[in-house]
Amino acid sequence: MSDDAFTIGIEEEYLLLDAESLELAEAPEDMISACAAELGDQVEPEFLRCQIEIGTRVCASVAEAVADLRHLRATIAAVAARFGLRPISAGCHPTAEWSAQTHRDRERYNDLKRDLAAVGDRMLICGMHVHVGIPDEDTRIDLMNQASYFLPHLLALSASSPFWQGRDTGLASYRIGVFDNLPRSGLPPRFDSWSGYRRLVEALIAAGPVEDATRIWWDLRPSDRFPTLETRICDACPRIGDVAALAAAIQATMRMLWRLKGLNQSWRRYDLTLIDENRWRARRYGTEAGLIDFGRGSVQPMGQLVEEWLDLVAADTDALGTADMMRGLRAILSEGTSAERQRRVYQRALSEGADEAAAFRAVGRCLADEFLA
């Protein structure tokens with residue numbers, strides 16, 4: 001498999017805010033149509049009327065994907081402005097009430113609403129998905145088994161959902177806990193081969209719970225539409241620079257695991273219960289409390305883990321031309337994750353005399369400003 005295999009695509013889900021109040025607002029169908037007129041099939045409505053989803057083209061490099069993403073964000077923002085709206089890219093809106101939202105009246109979404117019942121009502125959350133091209137099916141499964149180790153690291157660095165319905169949850173990523181209520185979610189199970197994975201999918205289809213593999217919502221999964229591995233654990237990121245760093249990390253990690261495979265080596269496969277412990281730490285603390293290094297048998301600070309990660313994939317970022325982008329992980333650590341920045345904005349507003357409502361509006365304004373920053 002050549003380096004040409006490691007194509008990349010990025011999908012993002014956005015929330016739409018009233019430009020004045022910065023409260024959540026529904027997207028008129030005319031806005032959805034206007035976005036589609038400019039972006040074609042790169043944009044589509046989401047389950048809730050206050051959401052919209054975009055996807056880059058299949059790109060040869062992270063730089064190309066980020067350039068496409070900038071165009072998509074700028075277009076969405078410009079069209080939304082014509083309707084008095086502003087988009088944000090974050091795991092949750094800080095104050096919105098999930099019970100006040102409505103889903104789009106389309107067959108696919110009506111089926112989803114019926115299937116998920118009350119669990120679906122709380123899906124007022126947004127994620128960022130990164131596809132990496134892995135043409136060989138068995139290699140796709142082999143890399144999925146190994147790459148699960150790095151999923152908590154990605155969640156910690158992308159965490160952008162500390163607030164929920166007007167309160168500080170104490171978590172860095174409240175979104176991932178909401179998503180975990182869905183069936184067929186969380187860490188992916190391990191498979192011996194592509195055929196083993198397909199046997200599971202076909203059993204679910206035959207029994208009736210799903211019509212295809214798109215209803216399997218693991219943190220990392222083989223795409224049902226493309227020859228890719230799709231990393232789904234990340235919160236939606238407000239800043240494009242953070243998206244670039246995380247996408248570069250995902251792509252380089254996949255290439256590193258493929259490179260080890262060519263040397264008859266592999267990443268150690270730790271028990272999923274251990275990885276799930278790190279997933280909880282990432283959800284709770286983001287980057288602030290570190291993750292467990294299972295080789296050392298102790299919690300290590302995130303800064304050290306990131307530096308070791310950069311060294312681990314240095315040959316791969318050099319080959320892919322993404323070394324500078326992935327070093328953006330250092331910026332996330334030094335400036336704070338979005339969850340940390342949102343809390344700082346909120347606390348600063350309170351210290352300057354704002355009431356809680358005004359402090360949360362300051363958070364919403366910061367998220368809207370970061371959308372194109």
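- Partners of Tyr270 by ring-ring contact (aromatic ring centres under 6.0 Å, His included), not counting sequence neighbours, listed by chain and number: Tyr149, Phe294.
- Partners of Asp293 by side chain to side chain donor-acceptor pair (under 3.5 Å), not counting sequence neighbours, listed by chain and number: Arg296.
- In this model, no donor atom of one side chain and acceptor atom of the other lie less than 3.5 Å apart for Thr337 and Glu288.
- We find the CG-CD distance between Leu291 and Gln304 to be 11.5 Å, quoted to the nearest 0.5 Å.
- Within the structure, the salt bridge (Lys or Arg N to Asp or Glu O under 4.0 Å) test picks out the following pairs touching residues 359-371 (sequence neighbours left out): Arg86-Asp369, Arg341-Glu370.
- Annotation: side chain to side chain donor-acceptor pair (under 3.5 Å) contacts of Ser21 (sequence neighbours excluded): Asp18.
- Sorted by first and then second residue, the salt bridge (Lys or Arg N to Asp or Glu O under 4.0 Å) pairs with a member in residues 33-54 read Glu38-Arg82; sequence neighbours excluded.
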Check the pair Trp309, Thr253 against side chain to side chain donor-acceptor pair (under 3.5 Å), reporting the backbone distance first and the verdict last. CA-CA 9 Å; Trp309 199 1; Thr253 300; 3.0 Å; yes
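- Within the structure, salt bridge (Lys or Arg N to Asp or Glu O under 4.0 Å) contacts touching residues 117-135 (residues at least two apart or in different chains) are Lys113-Asp121.
- Residues Arg199 and Phe191 form no side-chain contact, since every pair of their non-hydrogen atoms from C-beta on lies 4.5 Å or further apart.
- The side-chain contact (heavy atoms from CB on, under 4.5 Å) test with Ile141 is passed by exactly one of Ser193, Pro222, Ser195: Pro222.
- Distance check: Ser173 OG to Arg283 CZ gives 7.5 Å after rounding to the nearest 0.5 Å.
- The side chain to side chain donor-acceptor pair (under 3.5 Å) test applied to Asn278 returns no partner, not counting sequence neighbours.
- Defined by atom type and a distance below 3.5 Å, a donor-acceptor pair is present between the side-chain atoms of Asp235 and Ser161.
- Atom CE of Met144 is separated from atom CG of Leu187 by 11.0 Å, given to the nearest 0.5 angstrom.
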Validation: residues 200-207 side-chain donor-acceptor distances under 3.5 Å, sequence neighbours left out:
| from | atom 1 | to | atom 2 | distance (Å) |
| --- | --- | --- | --- | --- |
| Glu202 | OE2 | Arg198 | NH2 | 2.6 |

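- Under the salt bridge (Lys or Arg N to Asp or Glu O under 4.0 Å) criterion, Glu11 pairs with Arg225, not counting sequence neighbours.
- Within the structure, salt bridge (Lys or Arg N to Asp or Glu O under 4.0 Å) pairs that include any residue of residues 263-280 comprise Asp142-Arg269, Asp180-Arg279, Asp219-Arg279 (at least two apart or interchain).
- Arg281 pairs by the salt bridge (Lys or Arg N to Asp or Glu O under 4.0 Å) definition with nothing, not counting sequence neighbours.
- Rounded to the nearest 0.5 angstrom, Ser223 OG and Ile134 CD1 are separated by 12.0 Å.
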Assess whether side chain to side chain donor-acceptor pair (under 3.5 Å) is satisfied between Thr102 and Glu26, documenting all intermediate values. CA-CA 9 Å; Thr102 58; Glu26 293 188 354; 2.7 Å; yes
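- The ring of Phe163 has its center no closer than 6.0 angstrom to the ring center of Tyr174.
- Under the 4.5 Å side-chain criterion, counting only non-hydrogen atoms from C-beta, Leu17 is in contact with His93.
- Arg284 meets the salt bridge (Lys or Arg N to Asp or Glu O under 4.0 Å) test with no other residue; sequence neighbours excluded.
- Ring-plane geometry between Phe371 and Tyr14 is classed as perpendicular, the angle between the planes exceeding 60 degrees on a 0 to 90 degree scale with a lower cut at 30.
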